Structures are given as structure tokens and as C-alpha cells.
Amino acid sequence: MAEKESRGGAARSAALRVPSRRNAIIIAVVLVVVAWPALSALLGGFERTSGGEIAVVRNGGFFDNNRIRQVIDPGSGRKWVGLYSKVHKYPAQQRFYTITSDARKGEESGVDVVTVPSADGVNMGIEGTLYFTLNQDHQAIKAFDDKYGTRKFRSADGKSYSPFDGDKGWSAFLDQVVRPVIDNDLRSQVNSFRCAELVSSCALVQNASTNAPVRPQQPAQPGQPAQQPQSNNANIAKVQNSINTSLAADLDGTLGGKYVTNIHFNLVRVTLPEKVQDAVDRAQAAFAQVSEAQAKVATAKAEAAANKARQDGYNKCPTCARIEELKALPQGITVYAPGNPNGSLLPRR
């Protein structure tokens, strides 16, 4: 009887253990399916920025709006940004946009030069670099994110990126929005100068009868010398300064706000079209040949003048001429008969 009761108790105990294991497995599955995503979302609700970036945080999630929640300044510690919020990080340090014929250094792929016509119709290649900083004022950066952070821009590889999508996204934004403003400013400034005023060698191949307008020189002040024409470097500096003045206003107008600051354009190089440059090279080679020929003529004239002076001296001193003749004879000669058709023998010494 006791043995039967013992067996019954063991059976009941085993029956109780089976639901307990089942419940533990169910609880573990629930924790994995529900608790782990919740924990990940909770941990993902913190964000920070490095020293070279500023972040705009927008609300997210299924039941939240998409408005801007906060701005995180550069170099911050971890901050609570909310569950499923979207963080748009923008560059906070000085940035630059390079236009150059060097395919390895330009912002756009391949050779990247702005070609604009001069006042006398010569297409000139302009290379330079634009330096600027994104405005870090909170209201300005919020407005920038509202206007441009909610859009995508097509890059050179054909893909579309948001401005906060790393370097590719930022470059795509600059190419589509900022680059046209730079091109327009360069065109308007360079168009007020003649080719030779920016590249002196252009004067070698230009038509002298060109009707390009000439800017009058300012009259000299009393007691001062008359103003001299400006050099190429001075004209290039004038173009650069004009661009720096106009570019800031044009960018503010195009972007719709003062979103970039500390704007400076450095004009690096002005080049001529390939055919014009070839003509310049040929002209310079021709001038070099002319200079070489003139040098030869001058040398010949100098030699003729020296010979004449020498001959005049000999005419005044025949003995001197005879001495010079003897000096010019080769060593070891045994016969010397100047003016004697039969010749004469000189004794060997």
C-alpha cells in the first residue's frame, strides 16, 4: 500500500515539473521577442556627436510626429533623444569645395574646371577652392534641416543621398545647390576682364583690332604719378575679392537663409583653351627663334666691327701684321715664303 502511494506521488511530481518547464520556455521566448527589441530601442535612445559634427534630432516611432526635437552641439556626451528618433548629423568644422583640372583632387569626378568667357570672348578655365562653415546657430541649423535635410540629392554616381548621409550626401548637396552659384559668380566676374588682363600670354595671339571695352584709368591725384595698368596678379586678386563679396549674398539668397558662414574663395589658376594655349606656345617659340636670329646678327656685327678695327690697326702698323702672321704659323715649319712665287728656305734651328 505504501509502495503504491509512493509511486503516485512521483507521478504527480513529474506531472507538475512538465508545465513548469513549458512555462519557462514560453517566458524565455517572450523575453527574446518582446524584451530584447524594447531594450535595444531603449539603448538606442541615446546619441552623441564628435568634435566635427552637429546633430539635429527628429521625433520618430509609430505614434509620434516627425518634428525637430533638439539640437546636439559638437563634442557632446551621450544625450537622451527618445525612442526611435532620427538623428541628422552635419559637418561642424570648416569645409571646402575644390574646382580643379586635377582629376584626383576635384569634388566632381574627372577634370572639373569652370569655363567662362572673358570680355573679348576667350573661354577661360577657372580653378579654385571655396572655404565655408555651416552655421551652427540652433535656429539656423533647424531651418536648414527642414529645408534640405528632408530632401535627397543626386550624386555623380547616379544615386540619391540626403545631406547628412556622410561625405557622399554632403557632396551631392554641394554639387546640386552650391556649385551653380559658384559658376554664376565666376562667370559674372571674369566676364568683365579681357583675356590678356588675366593671362598675359594671351596678348601674343589676340587680334589687335579687338573691340573689347577698355576701362579708363583713374586720373592721378595732384603730386602723384599717373596710375599704371594693373598686373595680372592684381586683376586676379580683384576677381577673387569680388567673388568673396558677391558669393556670400548669392548663397544666402539661393539657399533661402544664412546657412553658411566664413565664406572665402581662393582663385588658384586661370587657364586658356587647348587650341589657344597651343597658339601661344607656337608664338612664344617663334619669338624665341626671332630672338636667336637677332642674337646671331648682333654677334656677326660685333665680329665684323672687331675685324675692321683689327685691319685698321694692321694698316697703320705693317710690322705688327707680320708679327701676327708669324705667331699664327704652326710650330716646326721649315719653309716660309710670303709673296714669293718660288718660295724660300729657312734654316732649321
Side-chain angles (χ1 to χ4, degrees), residues 37-98 107 129-157 159-182 185 244-266:
L39 181 61
S40 298
L42 183 64
L43 294 177
F46 292 90
E47 190 59 72
R48 66 179 178 180
T49 57
S50 66
E53 58 189 9
I54 186 170
V56 177
V57 181
R58 287 184 174 273
N59 293 324
F62 299 103
F63 305 104
D64 209 343
N65 57 39
N66 196 34
R67 295 176 183 175
I68 294 177
R69 175 189 181 98
Q70 66 190 100
V71 175
I72 305 177
D73 290 318
S76 73
R78 291 197 174 274
K79 293 182 177 293
W80 173 252
V81 297
L83 297 176
Y84 303 106
S85 294
K86 299 176 182 178
V87 181
H88 299 170
K89 294 182 179 180
Y90 297 101
Q93 74 276 49
Q94 184 189 60
R95 305 290 288 188
F96 56 88
Y97 186 92
T98 302
E107 297 298 327
T129 301
L130 172 67
Y131 299 90
F132 64 95
T133 305
L134 188 64
N135 193 343
Q136 298 178 37
D137 176 78
H138 285 197
Q139 296 304 318
I141 196 68
K142 288 179 181 179
F144 178 83
D145 189 71
D146 275 332
K147 183 167 288 189
Y148 297 102
T150 55
R151 298 165 53 187
K152 290 183 179 291
F153 300 90
R154 187 175 297 277
S155 68
D157 59 8
K159 298 180 181 179
S160 295
Y161 300 93
S162 297
F164 50 82
D165 288 336
D167 289 338
K168 288 187 176 181
W170 186 248
S171 295
F173 162 73
L174 294 178
D175 287 341
Q176 284 201 258
V177 179
V178 176
R179 176 60 181 271
V181 181
I182 300 175
D185 274 64
N244 285 329
T245 301
S246 61
L247 195 56
D250 290 344
L251 281 174
D252 290 349
T254 301
L255 296 177
K258 194 173 185 60
Y259 301 134
V260 290
T261 60
N262 302 325
I263 298 171
H264 177 75
F265 184 82
N266 184 22

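Side chains included, hydrogens not; waters and symmetry mates left out as well; all remaining heavy atoms used. Note that the coordinates shown come from a computational prediction; the quantities given were computed from them, not determined experimentally.
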With a 4.5 Å cut-off on side-chain heavy atoms, are [Y] and [X] touching?
X: Lys152; Y: Asp165; value: yes
X: Val178; Y: Leu251; value: yes
X: Leu174; Y: Phe132; value: yes
X: Asp73; Y: Thr49; value: no
X: Asn266; Y: Phe96; value: no
X: Arg48; Y: Ile72; value: no
X: Asp175; Y: Tyr97; value: yes
X: Gln136; Y: Pro74; value: yes

Once rounded to the nearest 0.5 Å, what's the spacing between atom [atom1] of [X] and atom [atom2] of [Y]?
X: Glu47; Y: Trp80; atom1: CD; atom2: CH2; value: 12.0 Å
X: Thr129; Y: His264; atom1: OG1; atom2: NE2; value: 9.5 Å
X: Leu130; Y: Ile182; atom1: CG; atom2: CD1; value: 4.5 Å
X: Arg95; Y: Asn262; atom1: CZ; atom2: CG; value: 14.5 Å
X: His88; Y: Ile141; atom1: NE2; atom2: CD1; value: 11.5 Å
X: Leu134; Y: Thr261; atom1: CG; atom2: OG1; value: 7.5 Å

ring-ring contact (aromatic ring centres under 6.0 Å, His included) filter on Phe265, not counting sequence neighbours, yields none
If I compare all heavy atoms of [X] with all of [Y], which pair ends up nearest, and what's the gap?
X: Pro91; Y: Trp170; answer: CG-CE2, 3.7 Å
X: Ser85; Y: Arg69; answer: OG-CD, 4.3 Å
X: Pro163; Y: Phe153; answer: CG-CE1, 3.6 Å

Salt bridge (charged side-chain N to carboxylate O under 4.0 Å, His left out) partners of residues 49-59, not counting sequence neighbours, each pair once:
Glu53-Lys89, Arg58-Asp145, Arg58-Asp146
With sequence neighbours excluded, give me every salt bridge (charged side-chain N to carboxylate O under 4.0 Å, His left out) pair touching residues 256-265.
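Counting only pairs at least two positions apart or across chains, the salt bridge (charged side-chain N to carboxylate O under 4.0 Å, His left out) contacts touching residues 256-265 are Asp252-Lys258.
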Determine whether the aromatic ring centres of residues Tyr148 and Tyr90 are separated by less than 6.0 angstrom.
no
Could you tell me whether Lys168 atom NZ has more than 12 heavy atoms of other residues or ligands within 6.0 Å of it?
no
Taking atom CG as the centre, does Asp167 end up with more than 12 heavy-atom neighbours from other residues, nucleotides or ligands that are less than 6.0 angstrom away?
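No.
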Any donor and acceptor pair, going by atom type alone, linking the side chain of Asp250 with main-chain N or O of Val181 inside 3.5 Å?
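No: the side chain of Asp250 does not pair with the backbone of Val181.
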